Structures are given as C-alpha cells and as structure tokens.
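Please read the structure below before turning to the comments.
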Amino acid sequence: MDDFYRDFILDHYRNPRNFGTLEGATATAEDLNPLCGDTIRMDLRVNDGGIVEEVRFSGKGCAISQASASMLTEEVKGMKLEDVAKLGKDIVLENVGIGISPTRMKCATLGLRVLKSAAIGEIAGWPDEE
Amino acid sequence: MISLDERKVERIITDFPILAKPTSRGKRLVYLDSAATSQKPQSVIDALVTYYSEYNANIHRGVYEIAARATDAFEAARETVARFVNADSREVIWTRNATEAINLVGYSWGLNNIRRSDVILTSQLEHHSNLVPWQLLAEKTGATLRFIPVDSRGVLQLDDLDALLEGVKLLAISHVSNTLGTITPLELIVPKAHAAGATVLVDGAQGVPHLPVDVKALDVDFYAFSGHKMLGPTGIGVLYGKRALLEAMPPFLAGGDMIRKVEYEHTSFNDLPWKFEAGTSNIADAIGLGAAVEYLESLGMDWVRAHEQELLGYALDRLAPLERRGLAVYGPKDPQLVSGVLSFNFADIHAHDLASILDTEGVCVRAGHHCTMPLMEKMGWPATARASFYVYNTRADVDALVDGLEKAAQVFKL
C-alpha cells in the first residue's frame with residue numbers, strides 16, 4: 001500500500017485537475033462513501049451530440065479518492081456520455097496502478113461511481129462490486 | 001534496566017496469542033485500536049472452547065449434568081460482572097452490547113416515562129449509539145433533545161449545567177468519549193441531574209474497560225457496556241439498572257425464559273434479571289466475559305488506568321516534536337482528563353491514508369469519524385486517526401507509531 005502513493009498520485013491529490021463546480025452543467029451527481037465519509041461531486045456539460053464537453057469535480061477525502069477522481073476527469077472530456085455510463089473499474093485500476101488494498105477499493109472507485117451516476121441519471125452501483 | 005511495570009506488561013503480552021503472530025509483511029502486530037475492540041487473552045478463548053467442547057447445553061431448565069454446569073457457569077459470570085462494577089447480580093442484564101442495552105432503556109423505560117413536555121439531555125460528543133436512540137425516542141414522544149456543549153478541546157462545558165438540566169427527565173451521557181478519550185466528571189454531574197429530577201443513563205462502553213467503575217458510588221440509574229472492548233468476546237454486553245427502575249419497566253423483548261406463567265391470553269413475567277432476557281441467551285460469550293473480568297481483576301483496574309496514563313503521557317511526549325511538521329493532536333492532552341485515546345491528523349495526509357501507511361508497518365489505528373459524525377462536523381475535522389491503548393500496549397508500540405508517522409511524512413514528502 002505504501003508504494004501506492006507515487007508522485008503522480010500525490011500531485012493529483014494536492015493539485016486536483018478540473019476541480020470545482022460547473023455552471024450550466026447538464027448532469028450532476030454527488031455521493032459519499034459511508035465507510036469513511038469521503039465525498040465527491042461531478043458536474044458534466046454534455047452537448048447535443050452526446051459528447052462530454054466539460055467536467056468538474058469537487059469533494060473532500062483521502063488521496064486515493066481525490067486523485068482517482070481527478071484523473072477520471074481528464075479522461076472523460078470528449079467521451080460520449082453513453083460510453084461514460086459503461087465505464088468499469090478497469091479504468092480506475094489503470095489510472096492508479098498497483099498497490100490498492102481491498103479495504104481501500106471503495107475509495108478508488110467512488111469518483112467513478114459518481115461519474116457514472118451523473119451519466120445515467122440515477123445512483124450507479126459500486127464499480128468494484130461489478 | 002527494565003522496570004517492574006514493563007515486566008508485568010511483557011507477561012501480559014504472552015497471554016494474548018494474536019500479539020505473537022506477525023503481519024503478512026512480517027511486521028510485529030502493533031495493535032492500537034482497542035477502543036474499537038480489544039484483543040482476547042487465552043483464558044477468555046479457553047473459556048469459550050471449554051464451554052463448547054465440554055458442557056455445551058441450554059441453561060435454566062435442563063435437568064441433566066452438563067445443563068446444570070452451563071447454568072452455573074452462566075450465572076457465575078453474571079455474579080463476576082456484578083462484583084466488578086459493584087452491582088447486585090439481579091441488576092445485571094445480559095445484552096448483545098452497549099448499543100442494545102441503551103436501546104432497551106430507550107424502548108422499555110423511555111416510551112413509558114418520557115412525555116412531550118420532557119427534555120432529554122445528552123452531549124455533543126456522544127457516540128451514535130448514545131444519540132440515535134434518543135433522537136428516535138424524541139421523535140416518538142415529542143420530547144426535546146438538548147446538548148451539553150464541548151469546547152475546542154472536546155471537554156464538556158458544565159458552567160451552565162444547572163440551566164441545561166431544567167426540565168430534564170433523562171440525562172444520557174458517555175463515561176468516556178470514544179473519539180477523544182475525555183472522561184466525564186460523573187461525580188459532579190449525576191448528583192445535580194438527580195436533584196433536577198432526571199434519570200441518568202451512562203454509556204460506559206469506553207468506561208468499564210479502562211477505569212475502576214462502581215455503579216453504586218456513581219449513583220447512576222442505568223449503565224451500559226460491551227464485553228468485546230474489555231477483553232471479552234463480541235456479542236455480549238451488559239445493562240446495569242437500579243432494581244426499582246428495572247422492576248417497574250415492562251419487558252423489552254418477549255419470548256422464552258423471560259416468563260413465569262404463560263396462558264393463551266395472558267403471561268406473567270419472570271423475576272429480574274431474566275425478565276429482560278428473552279430467548280436463549282448468549283451463553284458462551286457471557287461465560288467468556290466472566291473470564292475477561294477475572295483477568296482484568298487480576299491486573300487491577302487501578303493499574304490498568306495508571307498504565308494507560310503512563311503510555312498516553314509517553315505518547316504525547318514522543319509526538320510533540322512532530323507538531324512542528326503539521327501533526328495536530330486533539331483533545332485536552334492531559335492524561336488526568338482522558339483515558340488511553342489519542343486522536344490526531346498529520347499535515348495534509350488524510351486519516352485513511354495515514355492508517356494505510358501505518359498498516360504497512362503493522363501498526364493498527366482507526367481512521368474516520370469514529371461514529372461521532374456530529375462532533376467531527378462541529379470540530380471541523382473531516383476525519384481523524386485514532387490510536388488507543390490497553391493493557392498489552394508498551395512504549396515500544398508508541399515508538400512504532402512514531403516511526404510509522406515518520407514513514408508517512410516520507411511517503412507524502414512532507
């Protein structure tokens with residue numbers, strides 16, 4: 001687990017990308033991890049062609065949940081909303097790499113869960129349980 | 001030179017088999033989460049195994065030998081626990097845990113005694129187990145919830161206690177805060193609460209394991225605690241209640257064992273304490289808790305308290321230099337005022353990340369809101385890391401914690 005906290009993770013934790021809220025968001029979702037109280041909110045602006053034009057996230061929590069959410073926002077810009085809805089936990093595991101212990105998997109996938117919830121318009125399941 | 005006290009703790013450690021087993025990374029297990037649940041000595045494990053392997057039988061009505069032995073052991077455990085807190089054994093009711101004990105009072109006493117015009121007084125630092133049951137009771141009865149405030153150190157503010165107690169029918173307060181370890185001055189509060197006409201329930205989940213407790217001297221009306229936080233098994237807890245109060249209360253759960261005579265239309269109930277123990281009790285774990293209490297008695301609760309104070313003082317000294325680098329230790333930082341609990345955050349490292357890094361060094365601490373979400377919100381802490389000490393902890397465990405924090409500082413490039 002200690003090898004998890006590599007430079008790029010700490011960088012995303014301390015300098016989160018696309019952080020904040022989005023005026024004129026067309027889809028928004030917010031959730032918390034009840035185990036620890038970490039929160040994430042995702043705001044998306046989707047154009048008429050169903051493409052995610054802009055995304056912002058906000059929240060507070062551990063390095064895993066915040067860095068993972070930050071990295072996701074960089075990837076979904078330009079994606080089709082329907083493809084965002086289909087994302088699985090693999091994208092998170094590829095982003096954060098090795099070393100996540102099973103007890104922290106919910107931290108890593110909280111951002112994805114909220115993002116998918118925004119995409120489908122209802123609370124999505126936990127990606128790590130799929 | 002090794003002091004007598006260190007020799008004693010070295011002996012204690014050998015009584016806990018789990019402490020001899022290294023972690024999967026080959027580290028020594030440094031268990032600093034006893035406020036969540038304590039480890040179990042071999043004598044408690046043996047008590048469970050002996051019951052199941054030698055005299056497992058249901059209690060109270062069996063006429064054969066092992067049923068009689070089970071009944072004797074079950075009731076002897078009750079006597080042991082009663083002696084430990086200076087109660088009469090008829091006033092000791094087995095429950096699953098402190099939470100169930102508090103809920104028993106909420107439903108059986110609360111619904112029959114709390115009216116719309118009444119006030120339920122609790123505090124801002126309660127565990128959810130001593131808050132949510134009273135929220136439900138207030139909703140059902142229309143009563144008002146009121147809170148004793150805490151200051152920025154997490155110490156109860158009692159200057160306005162007389163005013164706070166006005167109209168109070170029930171005072172429900174913890175003996176020791178699970179998040180900060182602060183000890184409630186019951187000797188000051190309980191007489192005032194009684195003078196104001198209030199019944200007093202104490203959540204002693206963090207009290208009985210760590211402090212000498214005498215329910216008669218404290219003069220509390222109800223006192224709830226859990227076995228698993230005091231070296232006993234999970235699934236067994238205790239409600240102490242003053243006999244007159246318990247006699248007047250209706251049963252909480254109904255079924256077998258709590259009855260005297262049952263007819264199709266009517267039932268008369270059993271005597272105390274069995275009136276509140278419907279169905280087959282948790283026989284094995286009650287016997288296990290009896291063994292845990294005997295173990296604590298062999299150490300002496302004054303020693304337990306002194307040992308935790310000594311460790312906390314040492315920990316505060318060792319952690320002080322880290323405060324320059326962003327370590328924040330919460331609470332009054334005074335071993336006289338707190339039990340062996342240390343809540344902290346380290347610079348911008350989230351408590352969960354801190355706990356994960358400490359885990360790689362074999363150091364077990366808890367991270368999060370510690371089931372005190374309103375307190376965390378009030379204090380402005382999203383989460384804290386919490387180390388808690390018990391009879392088997394040593395200065396070497398504190399040193400391992402400090403080394404782990406140094407490692408976290410390295411990993412997070414502080």
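Only a predicted model underlies this, so the values are computations on that prediction, with no experimental measurement involved. Excluded from the calculations below are hydrogen atoms, water molecules and symmetry mates; all remaining heavy atoms, backbone and side chain alike, are included. Here is how names work: the chains are called A, B, and so on, in the same order as the sequence lines, proteins then strands, and each is numbered from 1.
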Do you know which two heavy atoms are closest between B:Asp353 and A:Ala63, and how far apart they sit? OD2-N, 2.5 Å

Heavy atoms from other residues, nucleotides or ligands near [atom1] of [X] exceed 12 (cutoff 6.0 Å):
| X | atom1 | value |
| --- | --- | --- |
| B:Arg366 | CZ | no |
| B:Lys378 | NZ | yes |
| A:Glu129 | CD | yes |
| B:Tyr107 | OH | no |
| B:Arg96 | CZ | no |

Using a 3.5 Å distance criterion without hydrogens, assess whether the side chain of A:Tyr13 forms a donor-acceptor pair with backbone atoms of B:Asp348. yes

Under 4.5 Å from any heavy atom of chain A - which part of B:Leu354: neither

B:Ser356 vs A:Phe4, test: side-chain contact (heavy atoms from CB on, under 4.5 Å). Steps then yes/no. CA-CA 10 Å; B:Ser356 279; A:Phe4 167 81; over 6 Å; no

Relative to chain A, which of B:His369, B:His352, B:Lys413 shows the most heavy atom pairs under 4.5 Å? B:His352

